[in-house]
Student: 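What follows is a structure written as structure tokens; I'll ask about it next.
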Amino acid sequence: MSAETAVAPSRYIDALNEGMARAIEEDERVVLIGIDVGAGGGIFRVTKGLHERFGSERVIDAPISEMGYVGAAVGAAMTGLRPIVEIMFMDFVGVCMDPILNQAAKLRYMTAGALEIPIVFRMQTGAGKAAGAQHSQSLEAWFAHVPGLKVVMPATVADARDLLLASVRDPNPVVFVENRRLYGSKGDIDAEPLPLGKARVADAGSEVTVVTWGQMLRRCLEAAGEEGGPSLEVIDLRSLAPLDMETILASTRKTGRLLIVHEAVQDFGAGAEIAARVGDELFDELRTPVRRLGSPAVPMPFSPDLESALLPTSKAISAAARALVAEG
Amino acid sequence: MSAETAVAPSRYIDALNEGMARAIEEDERVVLIGIDVGAGGGIFRVTKGLHERFGSERVIDAPISEMGYVGAAVGAAMTGLRPIVEIMFMDFVGVCMDPILNQAAKLRYMTAGALEIPIVFRMQTGAGKAAGAQHSQSLEAWFAHVPGLKVVMPATVADARDLLLASVRDPNPVVFVENRRLYGSKGDIDAEPLPLGKARVADAGSEVTVVTWGQMLRRCLEAAGEEGGPSLEVIDLRSLAPLDMETILASTRKTGRLLIVHEAVQDFGAGAEIAARVGDELFDELRTPVRRLGSPAVPMPFSPDLESALLPTSKAISAAARALVAEG
Amino acid sequence: MSNQSTPEIDLFATMALIRAFETRVAELYRDGEIPGFVHTSLGQEAVAAGIGGALREDDYVATTHRGHGHCLAHGMEVDGMMAELFARGEGICHGKGGSMHIADPRRGVLGANAIVGASLPLAVGAAMSSKHLGQGRVAVAFFGEGAVNQGAFHEAVNLAAIWNLPALLVCENNVYAEFTDSRTMARVPSVAERAAGYGIEAEVVDGNDVAAVHTLTAEAAGRCRDGRGPFLIEAETYRWHGHYEGDSQPYKPDAEAASWRERDPLEVSGARILASGEADGEALERIRDEAAARVEAAIERARSLPAPDPSEAYADIFGEAEVAA
Amino acid sequence: MSNQSTPEIDLFATMALIRAFETRVAELYRDGEIPGFVHTSLGQEAVAAGIGGALREDDYVATTHRGHGHCLAHGMEVDGMMAELFARGEGICHGKGGSMHIADPRRGVLGANAIVGASLPLAVGAAMSSKHLGQGRVAVAFFGEGAVNQGAFHEAVNLAAIWNLPALLVCENNVYAEFTDSRTMARVPSVAERAAGYGIEAEVVDGNDVAAVHTLTAEAAGRCRDGRGPFLIEAETYRWHGHYEGDSQPYKPDAEAASWRERDPLEVSGARILASGEADGEALERIRDEAAARVEAAIERARSLPAPDPSEAYADIFGEAEVAA
Ligand SMILES: Cc1ncc(C[n+]2csc(CCOP(=O)(O)OP(=O)(O)O)c2C)c(N)n1
Ligand SMILES: Cc1ncc(C[n+]2csc(CCOP(=O)(O)OP(=O)(O)O)c2C)c(N)n1
Ligand SMILES: [Mg+2]
Ligand SMILES: [Mg+2]
């Protein structure tokens, strides 16, 4: 696919932008809807230039009415369009959960497949910028718990573009979680895109399998690169639904140890599902207990000092990995 | 506390009603707010008679404006009242999540304790009545994932009254999950109430620990009573937050086997957190993998036949228990 | 359906069908043959028939928990609907939707919905599609007067207004929302008056007069098709039965209920037909008998059908992704 | 603050304090001394000062992401606020709230809020408490014109109306919502006109004339206290700075921005004070200097304070349950 690009985007944010541009270009049914995604180019400039390029029929500015425009986007998806709808911060699903939870996720099923709902819910998260408790939450576990939704979390520049395109082309509702802390991150894109639903071994290793996603991938890779630390096999999960247990199990069988790292609150977070499944399926093969490393059960505080102390650091990740190796 | 009652209520629904009546009686700051909770006595008759008894200042009928009246209840809790606010079906949190997720759960913290938010969010769930995909969801895992919320699920007549009272007396936001399938269930109430946060051993046993809550408690107890089946120690969890790991660990240490049963979708459900913790803390003591039994990842269908085939049955529970015993 | 047909006779026939369908559904529910929750629109048939009769076949309809009439009036098949209410595998939704979620997207019926207010944003979205794809289809959102207090109403109406969408917003004001008299839940109980705040046109119509509803709808739908934006219709009517089947309705004053029953929409229309000589009493009786027979046949068929195959439980959760380009 | 004080001079002083506070906060944010997101209300000071000056000390205020002015005008301490913006342990919220969540419940300030529209239901709830407990306190909800398109606005206003609550609903119409001209997001841009749909009284006021805002508020708050229910004030004003500090505002026409700057609320009030002879130019200068000095002192203090103790991260999540009765 990268062949198509003259100059591959170098930053995550540009890759998202190009992914949307391509989606809008390749399919006239694709529209982009959100608050200030149009003329304003997006509050984080993710949609910069798309309005000028495609016009207000395709790139649509909405009022501050998430319940209304997200619901309308679902209705549009039911009737022939393929909307990309932006929820500016993941925290704002508090005002527009119904169209995702009770409509998009269920209407195909309730109509025995007569309704198809190809829609992408773009939402942005990423703590670590002192945005406070109402602008810093990672709630991907909520969506993964809802049958009928796919949940995608790109962590690399390539995935920012390719998973977005795959999500738009998918005939199902996809919750697409961007991490604002990665917007400026750089990376290559000239690999063949992995399909949506497959995890990626980001760094091969032999002693501890580390499953992660979103902004924690970087920190896990840092930990993996640490001098004299244990050999970590870092897996970028890429999506929670579908959940690629195959890749997780294969690696954990090899290493005998599994550490799951995510930004979201650890308690009742997505890591628990992975830990529960691996603990069951590899009961006799695990050398050590499956460990999780997430944020403690605390609303994210404004203070940058307090905040950074709550997010898993590469230090904490390698410490956890070392502890596992020491245990057995 | 039961001493106070002349005639103890015999049904779950009556116990809820008495709990609310007592709460309103004992504290003039307590108000009950919801759709048709007043003159109408509640769509399921749970609040029957309260309006006549306490008047429309204390028992308040709201329009179909959950975002508005749930948010207002949070504002009232911040300023001296102790509201019990009803969300008719748990599924409807889709239209009023913000006041729970971003306001009630976080404002004490964000104000460094200057705000106290004593509020009870009563919501009702319970699949098995052909209510369809938008009226059958168990989403307790969502709330347990949010720091700052307590999550309570009474499964017995005694708890329907006593946990409701404890929740109203609690200075924190409490998500109180009633199970409609239990409304007609009978039981005694003359035990000393267990405090909120403690799990209860509902049936002692020696071979498999079974942790459950809500309507699944009955089915687990049926399984425990099964002729010739393994000896099950059934634990009624009562609350997910706080999570009484002590009781779970003590029992699992004894039996060496743990089965978690809940009505909610198994994937990314609350059982995963318990499995992950026990798998870690009792790694060397478990005789068999921790197993979970929940609903499959399917929106709840209308057809009673399809629906009942999706909910864990006592048969499936004892089969799972027997399988564990057979495994080791 | 009747041998000689006129516009009003057709509307009468639609009402007769809805009346027959829901009268029996209420009984079947009482007798335990139909599971789940059932909400009937008995007494409100003129709204469904008047709107449905003025729509194009390919127009969209998004409705509520009280949607049987709207579905029938937009051409949904009696057999498939009844089988669905019976939770049969051959039901229009394979037994997975039921009364509260009955739908037939192939006919533009996007479905009943169990979330109050949800029909509005969905219909607004359908109107976006119609406009974007230049289809000239109108999207109708049915909702009750109680739903007007939902934020979804507020946001969706505003979107339809600023985007100038072909959305026909139909409020069935049947006075009550569950057990509550909706006049106590707003200082301005007139929904049409509230529409002014959004800058859209609205009109109140006698919801028990099918001809009046039909005439207004034809004009309003035309406006939508001409690109003149959304229109709100407030149809004043009354539900005869309880909020759900089984509700004994202690909250309704007898006199009020009685006076509304006197304005039975079928009688109102029937009287006009007789007066105009379009048909005689016998012909009207025949129409009602034919409707009853059609419903009876659907019931017999539904009774004879099997429950869904167990595999249905796991079907239609996700669609197959095309191979990535 | 100033040696001789009159009502308008006091209002001028409040505006001067807000102006000084936010002018420096904007600079400190630009220079990286203040973290997170910061939204200033520079140019809108007359709304905050006019409302705050007409309230009782124990009245409630629920505000938005743009709430510094409302907090200062309701008596919050400059030191505690500045320390909070600096994320210090001695900040009014121990560094856990910040600009978007700054609050002082002891003073009735229920807090800034980062969810658009959230201030409305919360204030309505505070009004419920006041009425229920017979306190005669008024609850003020500040919100922008963009928030009017949120369902929360619709639902909360209706609740205040039907429950006849002492809620003062204050819309600061500063024309823009982020990068969007709000006039493009509603067919009826007048928020006051939209209030009619809820059956509550509303009035538009020149939001750059502190005396006008104060007079209207005194009357409206009085009505609330007298049990005459909610009142909506739409204050027409303009934000000078970007949506957030750092926004270069390409979306604003220069002429528009310039014309509003010419109606600087401090100049409008200052001119009146000079004309009335209540004070001379020197006195007004002194007031502004005193405000600047007070802010400078708060900044110096904030700079000198330590970050929160790490244990703060885990404090105040739950309150201790009393021993069950
Ligand atoms: C969001 C939400 N809140 C509450 C309910 C419960 N409920 C179902 S129907 C209904 C009353 C609706 O009244 P109205 O809109 O007037 O429609 P009607 O039933 O009169 O046709 C309520 C409150 C719901 N289904 N969804
Ligand atoms: C529910 C929600 N949606 C979107 C946002 C992002 N946002 C923050 S401020 C703002 C604009 C608000 O405009 P207005 O209400 O006019 O207030 P102003 O900023 O002009 O004071 C938006 C869209 C948010 N914080 N919350
Ligand atoms: Mg109604
Ligand atoms: Mg504004």
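Proteins come first, then strands; the chains are lettered A, B, ... in the order of their sequence lines, and each starts at number 1.
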Student: To the nearest 0.5 Å, what is the distance between CZ on Phe143(A) and CH2 on Trp142(B)?
Tutor: 6.5 Å

Student: Measure distances from Ala105(A) to the heavy atoms of chain B and classify the residue's part below 4.5 Å as side chain, backbone, both or neither.
Tutor: backbone

Student: Is Ile100(B) in contact with chain A via its backbone, its side chain, both, or neither, using a 4.5 Å heavy-atom distance?
Tutor: neither

Student: Between atom CE of Met67(B) and atom CE of Met67(A), what is the distance when rounded to the nearest 0.5 Å?
Tutor: 5.5 Å

Student: Looking at chain B, which one of Val95(A), Asp280(A), Leu286(A) has the largest number of heavy-atom pairs inside 4.5 Å, strictly under?
Tutor: Asp280(A)

Student: Do you know which of Ala272(B), Ala141(B), Cys96(B) has the most heavy-atom pairs under 4.5 Å to chain A?
Tutor: Ala272(B)

Student: With a 4.5 angstrom heavy-atom cut-off, could you sort out which part of Gln137(B) is near chain A: side chain, backbone, both or neither?
Tutor: side chain

Student: Minimum heavy-atom separation for Pro299(A) to Tyr109(B), with atom names?
Tutor: O-CE2, 3.2 Å

Student: Should we count CZ of Arg287(B) as having more than 12 external heavy atoms under 6.0 Å?
Tutor: no

Student: Which one, Thr288(B), Leu139(B), Val146(B), Val93(B), leads in non-hydrogen pairs under 4.5 Å with chain A?
Tutor: Thr288(B)

Student: If you take all heavy atoms of Ala133(A) and Met110(B), which pair is closest and at what distance?
Tutor: CB-SD, 3.8 Å

Student: Checking Asp91(A) side chain against Asn102(B) main chain: does a donor-acceptor pair fall under 3.5 Å?
Tutor: no

Student: Pick one of side chain, backbone, both or neither for Val290(A), based on which atoms fall under 4.5 Å of a heavy atom in chain B.
Tutor: backbone

Student: Between Val278(B) and chain A, with a heavy-atom cut-off of 4.5 Å, which part of the residue counts as in contact: side chain, backbone, both or neither?
Tutor: neither

Student: Could you check which of Gly269(B), Gly148(B), Pro99(B) has the highest count of heavy-atom pairs closer than 4.5 Å to chain A?
Tutor: Gly269(B)

Student: Under a 4.5 Å heavy-atom cut-off, does chain B meet the side chain of Leu282(A), its backbone, both or neither?
Tutor: neither

Student: Under 4.5 Å from any heavy atom of chain A, what part of Leu243(B) do you find: side chain, backbone, both or neither?
Tutor: side chain

Student: Considering only heavy atoms and a distance below 4.5 Å, find which of Arg277(A), Met97(A), His145(A) pairs most often with chain B.
Tutor: His145(A)

Student: What residue, out of Ala275(A), Gly132(A), Ala270(A), Gly271(A), has the most heavy-atom pairs lying under 4.5 Å from chain B?
Tutor: Ala270(A)

Student: Only pairs of heavy atoms separated by less than 4.5 Å count here; which of Gln266(B), Met300(B), Arg291(B), Glu281(B) has the most with chain A?
Tutor: Arg291(B)

Student: With a 4.5 angstrom heavy-atom cut-off, is it the side chain or the backbone of Ser138(B) that approaches chain A, or both, or neither?
Tutor: backbone

Student: If you tally heavy-atom pairs under 4.5 Å against chain B, which of Gly328(A), Ala241(A), Ala297(A), Ala144(A) wins?
Tutor: Ala144(A)

